[in-house]
Protein chains: 2
Amino acid sequence: MLERIHLEILSAIKEHGTLTKAADSLHLSQSALSHSIKKLESQVATQIWKKEGRNLRLTAAGERIQTLASRVLPQFSHTELLLSQIAKGEAGALRIGMECHPCYQWLLRVIHPYLQRWPNIDMDVKQEFQFGALGALLSYEIDVLITPDPLFKPQINYIPVFGYEHRLVVCAEHKLADQEFVLPEQLAQEVLFSYPVEPLRLDIFSQFLNPAKCSVKKHKNIETTEIMLQMVAANRGVCALPGWLVDEHAKSMPIKSLRFGEKGINKQIYVGIRNKEQQIEYLMDFISQAKKTK
Amino acid sequence: MLERIHLEILSAIKEHGTLTKAADSLHLSQSALSHSIKKLESQVATQIWKKEGRNLRLTAAGERIQTLASRVLPQFSHTELLLSQIAKGEAGALRIGMECHPCYQWLLRVIHPYLQRWPNIDMDVKQEFQFGALGALLSYEIDVLITPDPLFKPQINYIPVFGYEHRLVVCAEHKLADQEFVLPEQLAQEVLFSYPVEPLRLDIFSQFLNPAKCSVKKHKNIETTEIMLQMVAANRGVCALPGWLVDEHAKSMPIKSLRFGEKGINKQIYVGIRNKEQQIEYLMDFISQAKKTK
DNA sequence: TTGAATAATGGATGTTTTTCATCATCAAAA
DNA sequence: TTTTGATGATGAAAAACATCCATTATTCAA
C-alpha cells in the first residue's frame, strides 16, 4: 500500500536531487529509502525510478506519486498543526445551536471579535434540529446551545448571558401604541405574527395569553425579523420580540413596544454546554465574549 | 506521525459505526486498531475518540483527522489505480515534442482518436526546447519527438510515419503560378515568409537556394501557418510548406503550389523514441496511430 | 587508472504492528 | 434485578517490518 513515507521519499528526492541527500533530510539511511521503495515497487509491480548514471530518474509511476505527494503532504502537515493546536487548547470547532430566532443579530456581534481572537477555530451555526436543540447538544451535533428556555439536565451546564424584556410590538399608529402595558384580552381582535415554531414555545402564549385563557384573532408565521417588523409597521398586525431588538429598529420605523401585563415577561438568554467540556478554553472564552456583548 | 492507516481507521469508523466492524472491513483485529490509535494519541498528546456507552465518539481532533481522510484517501486510491494501470501498460504520460511547425494540424488528427483509446494517458505537446528537441528526448523532458530532420543517435529510434513533398506556395495571381516547378534564380526578387527558425534549418535554403548560391529579396518571419497563407494569398510574398497542407487550404484561398526544381524536395516525417522504451504499449500505439493518419 | 560519489543489496538487529486472550463497561433482555 | 451479548481497552507473545551497517556495483571526473 502506498504510504505517507513513500510520498515523503519522493518529495525529498524532488527537493534534494539524490537519494543520499533525501535520506539525510529525512534523518534516515540511504539504504532505508532504497529498501522502502523497492518494496513498494514489488507491491505495485512497476518501477518507480531507475538509476541513470549516478542519479535517479523517475518513471511515469514515480512522477504520479510525486504529484500525489505535492498535493497531499501539505494537508497532512496542516492537520498535524491543527492537532498540536488542539492539544494546546488553541483550536477546534465551535458548532453553535440557536433556539432563539431574534438573537441572530446579537450572535453576529459575539462571533465577530471571537473569530479574530481564535483564528483556528472553525465555526458553524445551526438553527434546525431534528430531535430538538438539546438532543443536538447531547449527541455532539453542536457544542454550545443558545436558548432562552433552558431544559435543565445533569449533563448540561447553562450559563445566563443576558436578560431582557419580551415586549409586544405595535405600529406607532396602533390604538394600543400609547399604553404602557397591554392586557391579554386587548389582543383578542389582533393579528399576531411569530416565527414558525409551535405556539407552546412562544412566551406570548405560554406566559401571557394561555394563563388568561385569551387568544388572538389570527396567528401568522413569518420567517424573518425584518419582514415581521415591516408588517407591524404597516399596521397589519402585532408581534412579540425582545425589547432591545425593538429599540434598535424603532429608530428607523414607526413602531412602539409595550410591556406584557403589569409585570412584563422577563427573559434570560442562556448558553448551554456539556458539563465535561467546561475546561475547554476556547469554549469558555466564547461564553465570556457572549456575556460581554449586549 | 499521522499515517495513512490512521486515516483508514477513522474513515472506516465513519462508515461502519463501531471499531469492531471497522476492523473487519480493514481485515485487521479490533485490537490492532485500538492500539494503533492509542499510539497516535500519545504522539499528538490528544484524545482522538472516547468511549461513550458502547460506542465511540470522536473528539474535535478525531473529526479533523476524519476530514483529512475524506479529502486525501480518495487521492491515494486514485493514484494506486493509476499505478496499477501503468503496471499493465494502460496509463502514463505522453509528452510530445514537435520540430515541425506545419505538422500541428496533422498531430491534432493523430491525438484525437488516440485520446479516446487511452483515457488514462496524459498528453502534453511542447514546441520550444532550450537544448534542442533531441536533447529534450534524451533528458526525458519529452517521450516522443516529431521531426522531419532526424539526427540519428544510438539511443534514439526513428520511425518514418509519412512522406510528403515540400512545395513553394504562391498567390494564384503570381507570375510563377502557372509553372510546374520553380528554379532557384526565379526567387531572387521574392519576399519569403517562414516560421521563426534559423535559416539553416529551412529546407528551402539548405536544399534549394544555398546549393545554387541564390537567395531571396527579403526573408520575414511569421509565427502561424494561417497568417502566412493569408499574406501569400494577398500576393505579399511566397512561402514553403508541405504539399498536403497547401492542398487543404487551396480549396478556400487563391493560392497555388509548385515543385522546388525539377526533382522537388521530398521529405519524411519521423517519430523518434528512446530505444529502451520500444516495448511500452501506449507509446507504440501512438506511433501506429501516427502511421495511419494522413 | 584511480578515487569520489552514487544507488543497490544482504544480513543482523531492534522496533513496530498484529494477534490472541482477557478484562471492563454498557445496554437491553429476561 | 440479574443475565447476556456487544462493545472497546489492555497486556503479552508472536510475527512482520523497518532500519542500519557493511559491502558491492556503477558512473563520472580528475
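We name chains A, B, ... by the order of the sequence lines, and we start the count at 1 in each one. What you see below is based on every heavy atom in this structure, not just the backbone, and it leaves out hydrogens, waters and symmetry mates.
D:dA18 atom P lies 11 Å from atom CE of A:M1, rounded to whole Å. The NZ atom of A:K38 sits 18 Å away from the C1' atom of D:dC17 (whole-angstrom rounding). For the pair A:L40 CG and D:dC17 C1', the computed distance is 15 Å after rounding to whole Å. Counting to the nearest Å, the P atom of C:dT9 and the CD atom of A:E41 are 9 Å from each other. Straight-line distance from the CG atom of B:D24 to the C1' atom of C:dT18: 15 Å, rounded to whole Å. To the nearest angstrom, P of C:dT18 lies 14 Å from NE2 of B:H27. For the pair A:I48 CD1 and C:dA7 P, the computed distance is 15 Å after rounding to whole Å.
At a non-hydrogen distance threshold of 4.0 Å, A:T18, A:L19, A:T20 from residues 3-21 of chain A come into contact with DNA chain C.
Side-chain contact between A:W118 and A:M123: absent, with no pair of heavy atoms (C-beta onward) separated by less than 4.5 Å. Using a 4.5 Å heavy-atom threshold, the side chains of A:H101 and A:V197 count as touching. Between A:Y195 and A:E223 the shortest side-chain heavy-atom distance does not fall below 4.5 Å. In this structure, the side chains of A:I273 and A:L145 stay at 4.5 Å or more apart for every pair of heavy atoms. Counting heavy atoms from C-beta on, the side chains of A:K50 and A:L56 never come closer than 4.5 Å. Between A:V144 and A:F286, the closest side-chain pair of non-hydrogen atoms falls below 4.5 Å.
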(request) Walk me through it: do B:K126 and B:D143 pass the test salt bridge (charged side-chain N to carboxylate O under 4.0 Å, His left out)? (result) CA-CA 11 Å; B:K126 297 184 184 179; B:D143 302 306; over 6 Å; no
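Using a 4.0 Å heavy-atom cutoff across all strands shown, A:L33 reaches no nucleic acid atom at all.
For D:dA9, the OP1/OP2 oxygens have a side-chain nitrogen or oxygen of B:W49 closer than 4.0 Å.
In this structure, B:W106 has its ring center closer than 6.0 angstrom to the ring center of B:F162.
Axis angle between the ends of the helix from C:dT1-D:dA30 to C:dA30-D:dT1, five pairs each and rounded to 10 degrees, works out to 20°.
Every residue two or more places apart in sequence or in another chain was checked for a side-chain hydrogen bond (donor to acceptor under 3.5 Å, both in side chains) with A:Q30, and none qualifies. With sequence neighbours excluded, no residue forms a ring pair (Phe, Tyr, Trp, His ring centres under 6.0 Å) with A:Y270. Every residue was checked against the salt bridge (Lys or Arg N to Asp or Glu O under 4.0 Å) condition with B:D124, not counting sequence neighbours, and none meets it. When the side-chain contact (heavy atoms from CB on, under 4.5 Å) test is applied to B:S25, the partners found at least two apart in sequence or on another chain are B:A12, B:H16. Taking the ring pair (Phe, Tyr, Trp, His ring centres under 6.0 Å) definition, one finds that A:H35 meets it with nothing, sequence neighbours left out. Scanning for salt bridge (Lys or Arg N to Asp or Glu O under 4.0 Å) contacts around B:D24 gives an empty result, with sequence neighbours left out.
Remark on DNA chain C: of its neighbouring residues B:S36 and B:Q30, the 5'-side contact belongs to B:S36, judged by nearest-heavy-atom nucleotide.
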(request) If a protein heavy atom is under 4.0 Å from the base, mark B; if only from the sugar-phosphate, S; if neither, -; do that for nucleotides 24-30 of chain D going 5' to 3'. (result) ---BB--
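Distance from the side chain of B:L28 is smallest for C:dT19 among the nucleotides C:dT19, D:dC20, C:dA8.
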Polar pairs (N or O, both sides) under 3.5 Å between protein and nucleotides 14-16 of chain C?
none

Filtered N/O pairs between nucleotides 11-15 of chain D and protein, under 3.5 Å:
| residue | atom | partner | partner atom | Å |
| --- | --- | --- | --- | --- |
| D:dG11 | O6 | B:S31 | OG | 3.3 |
| D:dG11 | O6 | B:H35 | NE2 | 3.0 |

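Sorted by first then second residue, the salt bridge (Lys or Arg N to Asp or Glu O under 4.0 Å) pairs that include residues 1-20 of chain A, not counting sequence neighbours, are A:R4-A:E8, A:R4-A:E80.
The pair A:D122-A:R95 does not meet the salt-bridge criterion, since no charged nitrogen lies less than 4.0 angstrom from a carboxylate oxygen.
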